Amino acid sequence: MSYDDSAWRVMSRLTLAADLRRLADDLEDAAPAPAASSSAVMINSWMRTTREVPCLVGRVLGHPLLDDHSLIQTSELFHIDDRGEFARTRSRWYRLGTHGAMSSGGLVQAN
């Protein structure tokens, strides 16, 4: 079975890896912040806020910290492989089991 959800795959796995590596390098090199003369873009009238990010919701099995069958929401979702078998979130890899759908009553099995 092929997994086709192109909205989740905005960039390739390798592009995502390179972008995250660059982010990690920037954070390690900025001690504690870039120089005032850097090429960083200025942002005025700024404020901290939140935004929605992709994630997974489902019942977990074999999680190192959570009980089996706990209904969870993962950290930010970065990648689902082309076959829909594995997903990578900010914190860990997940094996994707049965696909579900959300309803007003909670997680339900999809057809």
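Not measured: the values here are computed from a predicted model.
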Holding to side-chain contact (heavy atoms from CB on, under 4.5 Å), I want the full list of residues that pass it with [X], two or more places apart in sequence or in another chain.
X	answer
Q73	C55, V57
L61	D68, H69
W46	I43

Next on the checklist: Membership question, hydrophobic clusters at under 4.5 Å side-chain separation (ILVMFWY): are F86 and L16 in the same one?
Outcome noted: no
Checklist entry - In the single-linkage hydrophobic clustering (I, L, V, M, F, W, Y; side-chain heavy atoms under 4.5 Å), do L77 and L96 co-cluster? => result yes
[atom1]/[X] to [atom2]/[Y] distance, rounded to the nearest 0.5 angstrom?
X	Y	atom1	atom2	answer
R88	L20	CZ	CG	9.0 Å
L71	L66	CG	CG	11.0 Å
W93	H79	CH2	NE2	5.5 Å
E28	L23	CD	CG	10.0 Å
F78	D19	CZ	CG	10.0 Å

Next on the checklist: Check this for me: does any side-chain nitrogen of one of R22 and D25 sit under 4.0 Å from a carboxylate oxygen of the other?
Outcome noted: no
Next on the checklist: I'd like to know if the side chain of T89 and the backbone of T74 have a donor-acceptor N/O pair within less than 3.5 Å.
Outcome noted: no
